[in-house]
Amino acid sequence: MKLRLVALAVCATLLLVPAAFADTTASMSISGDVETNTNVEFKDDGANNYSVWGNDGRTHIKFEGRVEGDNGWFGYAKGDAMIATSGTTGVDDSFVEFGNESFSFLIGRWEATSLFGKGQDTFITSAPGAPSRYQGDYARGRLPINNMALKIGGLELGIIVGGLDEGTIYGVSTDPDTGVTTPGVITLDAALNAYGARPLYKVSTDMMTVTVGGEFLAYVPQNTDESDAELNRFGGAATAEFNLGGTLGVSLAYGATTGKDEAGEDLLDSNTLSSMLYYTMPVGEGHSLGFAGGYTMLDVDTYTEDSMFEGYISFKQQLPVEGLFVSYAGSYAGASFDHDEGTDPDDTSSFGVRVRMNYDF
């Protein structure tokens with residue numbers, strides 16, 4: 001809390017002092033979009049074949065305000081309301097930013113720049129039990145704790161410091177006899193403290209854009225006398241995109257998790273390597289076609305080595321109404337689980353289809 005108050009005081013001082021000597025202009029806008037999805041997946045878990053149907057969507061309302069001075073300083077605020085078709089409500093971004101063309105400071109709830117591109121924003125099915133793709137997003141933001149960032153040109157330094165009311169720490173453990181992995185390994189009644197950093201750098205030319213960065217995020221109980229549990233996550237990712245009649249991109253990320261349980265015993269270390277190759281091209285006016293293929297490998301100590309291949313093809317079509325789009329996506333994912341040396345790996349797979357309607361306003 002003290003750190004947050006200090007940051008707010010610095011923001012107010014740096015913003016108001018130069019504004020006192022400048023003429024300002026202010027603007028405000030309300031925008032958003034409505035999205036509905038219809039999904040069907042056909043899955044094979046190695047023993048059974050089954051289908052999964054789903055419908056979901058949300059209404060996204062974005063409020064933005066900006067004040068600019070003729071001396072180059074600005075203040076910017078953004079708040080996003082999310083209303084799901086299930087009836088639940090939530091918040092996406094909610095932050096205040098100030099600065100000038102050289103640098104800016106941001107504080108609140110927000111999502112930092114992506115380090116792992118996937119091409120079109122579309123649905124990718126997941127094979128049963130498949131390892132989760134790491135995308136350089138342990139500390140990307142939109143966590144229920146304080147988020148801050150300093151932006152200087154193409155450099156963005158994200159900082160996470162704060163407390164969590166409920167104490168659930170996520171790691172990975174694996175039963176050495178069965179090879180079954182358990183993603184949630186520590187659940188505490190005590191509250192947690194979390195802190196981390198996420199520096200990244202983005203550079204663009206007419207022909208290409210490169211984004212590269214790393215991150216670290218740690219969780220520890222607020223009362224260390226009651227528990228020795230901790231979880232440390234760190235990794236890095238990079239994406240390179242090339243303008244070749246469309247967008248050709250390649251992404252690579254490596255993340256690792258270490259920690260201790262409540263008794264201070266070491267958790268099983270996990271390492272995840274993910275990659276994605278994609279191409280998105282314009283088709284006619286307002287339409288686009290996308291392809292992608294990716295690979296993820298999860299290694300949990302010496303007990304298991306799981307892998308997943310995934311891919312999609314998607315088409316986004318603009319309907320003859322401004323702001324109205326329909327997207328079609330088909331995807332495949334296959335996973336392989338190798339728990340014991342000298343035995344054949346177990347395999348699962350999934351095919352998925354999604355139709356999305358989206359209206360921007």
Side-chain angles (χ1 to χ4, degrees), residues 33-58 60 84-86 114 116-135 137 239 241-253 272-298 306-321 323-337 345-360:
D33 64 272
V34 179
E35 177 183 290
T36 62
N37 301 303
T38 300
N39 321 313
V40 59
E41 296 177 272
F42 303 94
K43 296 182 178 288
D44 177 5
D45 63 6
N48 300 288
N49 296 306
Y50 57 98
S51 60
V52 180
W53 290 79
N55 293 280
D56 60 75
R58 84 290 186 276
H60 174 206
T85 53
S86 62
S114 173
F116 192 91
K118 300 187 294 294
Q120 284 194 317
D121 178 18
T122 190
F123 169 72
I124 307 176
T125 190
S126 178
S132 298
R133 182 194 318 116
Y134 171 63
Q135 304 179 137
D137 52 4
T239 295
E241 293 187 341
F242 305 90
N243 298 323
L244 300 172
T247 300
L248 174 66
V250 58
S251 302
L252 184 66
T272 306
L273 178 66
S274 298
S275 59
M276 184 75 69
L277 178 67
Y278 55 91
Y279 184 68
T280 304
M281 58 182 293
V283 179
E285 186 175 351
H287 315 317
S288 60
L289 180 66
F291 308 87
Y295 180 78
T296 292
M297 182 179 68
L298 169 66
D306 303 336
S307 61
M308 175 186 65
F309 170 78
E310 58 186 344
Y312 75 77
I313 178 172
S314 65
F315 180 70
K316 184 175 182 179
Q317 177 184 10
Q318 181 172 354
L319 299 180
V321 176
L324 185 60
F325 298 87
V326 59
S327 300
Y328 311 92
S331 58
Y332 168 81
S336 177
F337 310 93
D346 301 320
D347 297 322
T348 66
S349 61
S350 179
F351 293 90
V353 177
R354 165 173 284 186
V355 178
R356 168 181 289 174
M357 294 288 294
N358 182 270
Y359 174 63
D360 299 328

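Quick note: numbers below take in every heavy atom, side chains included, and nothing from hydrogens, waters or symmetry partners. Counting begins at 1 with the first residue of the sequence.
- Between Asp44 atom CG and Ser349 atom OG the span is 4.5 Å, to the nearest 0.5 Å.
- Here Thr125 pairs with Glu41, Ser350 under the side-chain hydrogen bond (donor to acceptor under 3.5 Å, both in side chains) rule; sequence neighbours left out.
- With hydrogens and angles disregarded, a donor-acceptor distance shorter than 3.5 Å links the side chain of Ser274 to the backbone of Tyr134.
- The two residues Thr272 and Ser132 have their closest heavy-atom pair at CG2-O, 3.8 Å.
- When all heavy atoms are compared, the tightest approach of Thr348 to Gly46 is CG2-N, 4.3 Å.
- Partners of Thr38 according to the side-chain hydrogen bond (donor to acceptor under 3.5 Å, both in side chains) rule, which considers only residues two or more places apart in sequence or in another chain, are Asn55.
- Atoms CZ and CG, from Phe116 and Leu252 in turn, are 7.5 Å apart once rounded to the nearest 0.5 Å.
- Taking every heavy atom of both residues into account, Ser314 and Thr122 meet most closely at CB-OG1, 3.9 Å.
- Residues satisfying the side chain to side chain contact (heavy atoms under 4.5 Å, CB included) criterion with Met357, sequence neighbours excluded, are Thr36, Leu319, Leu324, Val326.
- Judged as a salt bridge (charged side-chain N to carboxylate O under 4.0 Å, His left out), the pairs with a partner in residues 124-135 (not counting sequence neighbours) are, in order, Arg133-Glu310.
- Distance check: Thr296 OG1 to Met308 CE gives 4.0 Å after rounding to the nearest 0.5 Å.
- Annotation: side-chain hydrogen bond (donor to acceptor under 3.5 Å, both in side chains) contacts of Ser86 (sequence neighbours excluded): Thr88.
- Atom CG of residue Leu298 and atom OG of residue Ser307 lie 9.5 Å apart, to the nearest 0.5 angstrom.
- A side-chain donor-acceptor contact under 3.5 Å links Thr239 to the backbone of Gly117.
- Remark: Asp56 pairs with Arg354 by the salt bridge (Lys or Arg N to Asp or Glu O under 4.0 Å) rule, at least two apart or across chains.
- Under the side chain to side chain contact (heavy atoms under 4.5 Å, CB included) criterion, Asp33 pairs with Glu35, Arg58, His60, Asn358, Asp360, not counting sequence neighbours.
- Rounded to the nearest 0.5 Å, atoms NZ (Lys43) and CG (Asn49) are 12.0 Å apart.
- Under the rule for a side chain to side chain contact (heavy atoms under 4.5 Å, CB included), Thr85 has no partner lying at least two apart in sequence or in another chain.
- Taking both residues in full, the closest heavy atoms of Thr280 and Gly119 are given as OG1-CA, 3.9 Å, listed atom of the first, atom of the second, then distance.
- Nearest heavy atoms, Ser288 versus Gln120: OG-NE2, 2.5 Å.
- In this view, Tyr312 satisfies the ring pair (Phe, Tyr, Trp, His ring centres under 6.0 Å) rule with no residue, not counting sequence neighbours.
- Judged as a side chain to side chain contact (heavy atoms under 4.5 Å, CB included), and not counting sequence neighbours, the contacts of Asp45 are Ala47, Asn48, Tyr50, Pro128.
- Contacts of Phe351 classified as ring pair (Phe, Tyr, Trp, His ring centres under 6.0 Å), with partners at least two apart in sequence or in another chain: Tyr332.
- Annotation: side chain of Phe315 is in contact with side chain of Val283 (closest heavy-atom distance under 4.5 Å).
- With sequence neighbours left out, the side-chain hydrogen bond (donor to acceptor under 3.5 Å, both in side chains) criterion links Tyr278 to Glu241.
- Of all heavy-atom pairs between Pro282 and Gly246, the closest is CD-CA, 4.1 Å.
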